[in-house]
> 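Below you'll find the structure I mean.
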Amino acid sequence: MTNREIADVLDQIGDMLEIQGENVFKVRSYRRAAETIGRCRFAITGATASEQLRELPGIGESLSQLILEVAATGTCPLREQLLAVIPQGLLDVLRVPGVGPKTAGALFHQLHVTDIRSLEEACRSGAVAALPRMGAKSQERILEGIALLQRSAGRILLSEAAAIAARVIEQLPPPCEPVVAGSFRRGRETVGDIDILAVEVQGLDPMAAFTGMPEVEQVLLHGDTRSSVVVKGGVQVDLRVIPRPSMGAALQYFTGSQQHNIRVRERAGAMGLRLSEYGLFDADDRQIAGASEAEVYGALGLDWIPPELREDAGEVARAAEHALPRLVELHDVRGDLQMHSQWSDGAHTIRQMAEAARARGLDYIAITDHSKALGVANGLDEDRLLRQIDEIRALNQELEGFTVLAGCEVEILADGRLDIADEVLAELDIVLACVHSGLNAPSEAITRRMVRAAEHPHVCIIGHPSGRLIGQRDRTALDLDALIRTCVDTHTALEVNSGPQRLDLCDHDVRRALEMGAHLVISTDAHSAESLSWLTYGVQTARRGWATPDRVLNTRPVAGLRAFFTMDGGNP
DNA sequence: GCCGTTTTCGGCCCGACTGTTTTCAGTCG
């Protein structure tokens with residue numbers, strides 16, 4: 001069982017307990033444990049898992065035993081017991097907007113609803129409207145909820161969310177200063193819905209502009225302070241209008257995460273204060289903070305916490321000790337170490353990529369076209385690679401104060417050898433090694449393959465190490481710890497690939513790699529000049545992994561970068 | 001179920017919106 005699978009079981013138990021009307025705080029402990037296990041950086045199946053588990057926050061005696069049992073057997077008596085009473089399909093019913101645990105329980109017990117299909121039938125027959133505290137409108141809402149669920153996009157990529165958010169903000173009146181909060185602001189790799197906040201301005205009606213946008217498919221709510229719409233593609237967008245003195249508290253609150261907010265509000269409670277989206281209030285209900293986030297955190301004795309860290313993963317305690325790391329920022333990054341040109345499968349010339357990168361404020365780039373084993377991408381063989389190196393050297397003669405490094409995204413072959421001869425690799429400034437085939441290989445095979453590449457004296461960087469494509473392809477069975485260990489030993493960097501579909505290493509892996517002492521590079525893998533803008537997603541992912549600039553090699557000037565890769569004496 | 005400069009028992013974040021109700025329960029974030 002992977003940690004993710006264990007977390008899913010915990011969530012499932014939480015759902016079923018909730019439907020049974022179990023104590024909400026008990027339910028919350030299962031949910032919280034699921035969160036914690038989902039991002040936990042050691043394998044629960046490991047031998048030492050038992051002691052490590054007990055050290056995790058929110059996991060006590062009974063949960064740790066349950067988790068170990070699930071890890072070993074895939075299930076546990078509690079889950080089996082619940083599954084004997086509650087049909088699996090009822091858990092899907094919980095995902096229908098407007099149906100919560102209480103409603104699901106009533107639907108099951110009184111109308112024998114067991115899945116979405118039987119729920120729909122119960123609605124069409126009018127039986128749902130006859131339930132206590134339900135009516136025609138509730139029934140209609142549930143039907144709409146089912147339709148919404150069926151055409152909803154689910155979670156979308158960060159880049160897709162960015163495009164939607166930008167379009168919405170464009171259509172809101174500028175004086176209301178709209179900003180995006182939520183998981184988008186935290187830089188999560190996928191976004192469920194888009195939360196936008198706007199300042200209340202006399203005589204301005206952003207709600208009307210919002211619900212009237214041409215891309216709105218359905219208005220879910222339309223209130224004075226909050227409206228919700230579904231835009232084309234099935235994505236939900238929320239707008240909230242906030243009085244200016246509350247803007248900081250609202251931004252803090254709506255940025256989340258929910259677990260982070262609970263942690264912060266508990267702290268407020270312990271200080272005799274009350275924190276809501278309207279501000280921080282004392283016992284006499286006087287507002288003592290709220291206009292800015294820094295003010296709110298500050299009044300709670302906390303340093304301002306970057307949104308990317310707000311996952312209840314220890315950041316509140318660190319903020320209280322004034323010991324948060326200084327995270328890498330977009331403007332720290334001076335170069336981009338993976339991109340493609342027309343030589344292989346890119347859309348633009350080397351010069352065009354260089355000029356676009358320079359316009360974005362970078363000092364250097366590496367051109368890393370594919371190598372010959374990736375025939376579908378028009379990969380370069382040794383001859384073409386040597387000619388490309390000549391072109392890059394010539395271009396550098398013309399560019400003042402900007403450097404194009406000659407690189408290559410070299411294929412790691414099945415046995416861990418590279419597909420370009422060593423004497424040609426020696427001519428390159430940057431060798432990036434990647435796997436694009438055999439991604440379903442067993443753990444030992446893929447690990448041996450990648451470790452061997454990392455040991456190669458010319459290899460500087462292992463690119464998109466996990467091989468996952470978000471929503472399309474799982475990560476390979478690679479033993480990441482083994483690869484990280486090798487990278488630390490050989491002065492090889494691990495890439496944080498900024499492609500919105502990759503974000504690989506992911507946030508948890510970044511934190512793991514840094515804890516083990518590795519160095520990173522953040523690269524765009526751009527196949528066109530426009531995609532150089534992806535850098536921001538990679539930076540956010542690194543920040544979510546608590547990355548500091550000193551551990552991100554491409555924050556260094558080009559000379560410092562080269563120095564790192566030659567420290568083991570074997571690299572170019 | 002977890003946890004402890006309020007506590008080893010009794011707490012556990014907080015408010016808007018909706019629908020079905022004459023005061024509130026359920027859902028959502």
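Since the structure is predicted, the reported quantities are computational estimates derived from the model, not experimental observations. Naming: A, B, ... by sequence-line order, numbering from 1 per chain.
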> Which nucleotide wins on minimum distance to the side chain of A:Arg226, given the candidates B:dT20, B:dC17, B:dG1?
B:dC17

> So A:His222, base contact, sugar-phosphate only, or nothing? Heavy-atom distance under 4.0 Å.
sugar-phosphate

> Using atom C1' of each nucleotide, how far apart are B:dC28 and B:dC13 to the nearest Å?
14 Å

> Applying side chain to side chain contact (heavy atoms under 4.5 Å, CB included), can you list everything that pairs with A:His112, at least two apart in sequence or on another chain?
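If we apply the side chain to side chain contact (heavy atoms under 4.5 Å, CB included) test to A:His112, skipping adjacent residues, there are no hits.
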
> Taking the same atom, C1', in B:dC2 and in B:dT8, what whole-Å distance lies between them?
12 Å

> OP1, OP2 of B:dT18 versus side-chain N and O of A:Ser138: anything below 4.0 Å?
no

> Could you tabulate the donor-acceptor pairs under 3.5 Å formed by side-chain atoms of residues 196-209 of chain A, not counting sequence neighbours?
from	atom 1	to	atom 2	distance (Å)
A:Asp205	OD1	A:Met207	N	3.4
A:Asp205	OD1	A:Ala208	N	3.4

> Determine the Euclidean distance between corresponding P atoms of B:dT6 and B:dC12; express it in Å to zero decimal places.
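Comparing P positions in B:dC12 and B:dT6 gives a spacing of 14 Å.
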
> When you compare B:dT27 with B:dT20, how far apart are their C1' atoms, in angstrom units rounded to a whole number?
14 Å

> Going 5' to 3' through nucleotides 7-13 of chain B, assign each nucleotide B (protein heavy atom under 4.0 Å from a base atom), S (under 4.0 Å only from sugar-phosphate atoms) or - (no protein heavy atom that close).
-----BB

> Round to the nearest Å and state the distance from A:Leu273 atom CG to B:dC14 atom C1'.
14 Å

> Expressed in angstrom and rounded to an integer, what is the separation of A:Leu197 atom CG from B:dA16 atom P?
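Whole-Å distance recorded here is 15 Å.
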
> Can a side-chain donor-acceptor contact be found between A:Gln540 and A:Asp507 if the only test is distance below 3.5 angstrom?
no

> Please determine if A:Arg31 and A:Asp15 form a salt bridge, counting it only when a charged side-chain N lies under 4.0 Å from a carboxylate O.
yes

> Whole Å only: how far is the CD atom of A:Glu18 from the C1' atom of B:dT27?
10 Å

> May I have the distance from A:Glu144 (atom CD) to B:dG19 (atom C1'), rounded to whole angstrom?
14 Å

> Donor-acceptor pair, A:Arg468 side chain versus A:Leu503 backbone, under 3.5 Å?
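Yes.
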
> Mark yes or no for whether A:Asn261, through its side chain, and A:Tyr253, through its backbone, hold a donor-acceptor pair below 3.5 Å.
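Such a contact is found between A:Asn261 side chain and A:Tyr253 backbone.
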
> Using a heavy-atom cut-off of 4.0 Å across all strands, would you classify A:Val99 as base, sugar-phosphate, or nothing?
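Answer is sugar-phosphate: A:Val99 comes under 4.0 Å of backbone atoms only.
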
> Which whole number of Å gives the distance between the C1' atom of B:dG1 and that of B:dG19?
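One C1' to the other, the span is 33 Å.
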
> Starting at atom CD of A:Gln236, determine the distance to atom C1' of B:dG29, rounded to an integer number of angstrom.
10 Å

> Let me spell it out: for each of A:Ser276 and A:Lys102, pick the nucleotide of DNA chain B with the closest heavy atom. Which residue's pick is nearer the 5' end?
A:Ser276

> Using a 4.0 Å heavy-atom cut-off, does A:Ala249 contact any base of the nucleic acid, only the sugar-phosphate backbone, or nothing at all?
nothing

> Name all residues meeting the salt bridge (charged side-chain N to carboxylate O under 4.0 Å, His left out) criterion together with A:Arg318; count only those two or more places apart in sequence or in a different chain, and write none if there are none.
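Partners of A:Arg318 by the salt bridge (charged side-chain N to carboxylate O under 4.0 Å, His left out) criterion come out as none, since no residue qualifies.
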
> Could you check how far CZ of A:Arg240 sits from P of B:dC28, rounded to whole Å?
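Going from CZ in A:Arg240 over to P in B:dC28 covers 13 Å.
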
> Counting side-chain heavy atoms from C-beta on, which of B:dC2, B:dA16, B:dT20 comes nearest to A:Thr225?
B:dA16

> Rounded to whole angstrom, note down the C1' distance from B:dT21 over to B:dA25.
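Rounded to whole Å, the distance is 10 Å.
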
> Return no unless some side-chain N or O of A:Tyr278 is found under 4.0 Å from OP1 or OP2 of B:dC14.
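Negative; the distance criterion is not met.
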
> Considering residues at least two apart in sequence or located in another chain, which fulfil the salt bridge (charged side-chain N to carboxylate O under 4.0 Å, His left out) criterion with A:Glu266?
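For A:Glu266, the residues satisfying salt bridge (charged side-chain N to carboxylate O under 4.0 Å, His left out) (neighbours in sequence not counted) are A:Arg28, A:Arg263.
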
> Counting only non-hydrogen atoms, which of residues 294-321 of chain A are less than 4.0 Å from DNA chain B?
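Those residues whose heavy atoms fall under 4.0 Å from DNA chain B, taken from residues 294-321 of chain A, amount to none.
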
> Going by salt bridge (Lys or Arg N to Asp or Glu O under 4.0 Å), name the pairs with one or both residues in residues 62-83 of chain A, residues two or more places apart or in two chains.
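For residues 62-83 of chain A, and leaving out neighbouring residues, there are no salt bridge (Lys or Arg N to Asp or Glu O under 4.0 Å) pairs at all.
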
> Using a 4.0 Å heavy-atom cut-off, does A:Val96 contact any base of the nucleic acid, only the sugar-phosphate backbone, or nothing at all?
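Answer is sugar-phosphate: A:Val96 comes under 4.0 Å of backbone atoms only.
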
> For DNA chain B, which residues in residues 126-134 of chain A have a heavy atom at a distance below 4.0 Å?
A:Arg133, A:Met134

> Go through B:dG19, B:dC17, B:dG15 for me and flag the one nearest to the A:Arg141 side chain.
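Comparing B:dG19, B:dC17, B:dG15 against the side chain of A:Arg141, the answer is B:dG19.
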
> Look at A:Ser228 and B:dC28 and indicate whether a side-chain polar atom (N or O) is within less than 4.0 Å of OP1 or OP2.
no

> Determine all donor-acceptor pairs shorter than 3.5 Å in which one atom belongs to a side chain in residues 164-173 of chain A; sequence neighbours excluded.
from	atom 1	to	atom 2	distance (Å)
A:Arg167	NE	A:Glu215	OE2	3.3
A:Gln171	NE2	A:Arg167	O	3.2
A:Gln171	NE2	A:Glu215	OE1	3.2
A:Gln171	NE2	A:Glu215	OE2	3.0

> Between atom CG in A:Leu280 and atom C1' in B:dG15, what is the gap in whole Å?
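Going from A:Leu280 (CG) to B:dG15 (C1'), I get 15 Å.
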
> Using salt bridge (charged side-chain N to carboxylate O under 4.0 Å, His left out) as the criterion, list what pairs up with A:Glu5, not counting sequence neighbours.
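Scan of A:Glu5 (salt bridge (charged side-chain N to carboxylate O under 4.0 Å, His left out), adjacent residues dropped) gives none.
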
> Select from A:Leu220 and A:Leu94 the residue whose nearest nucleotide in DNA chain B is closer to the 5' end of that strand.
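Comparing both residues, the 5'-ward one is A:Leu220.
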
> Taking salt bridge (charged side-chain N to carboxylate O under 4.0 Å, His left out) as the definition, give me every residue that meets it alongside A:Lys137, ordered by chain and number, with sequence neighbours left out.
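With neighbours one apart ignored, the set is empty.
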
> With a 4.5 Å heavy-atom cut-off, do A:Leu309 and A:Leu327 have their side chains touching?
yes

> Any strand counts, and the cut-off is 3.5 Å on both contacts for Watson-Crick or G-U wobble. Which nucleotide pairs with B:dT8?
none

> Distance-only check: which donor-acceptor pairs under 3.5 Å involve side-chain atoms of residues 240-247 of chain A, not counting sequence neighbours?
from	atom 1	to	atom 2	distance (Å)
A:Arg240	NH1	A:Asp195	OD1	3.4
A:Arg244	NH2	A:Glu177	OE2	2.7
A:Ser246	OG	A:Tyr278	O	2.8

> Could you check how far CD of A:Gln65 sits from C1' of B:dC2, rounded to whole Å?
15 Å

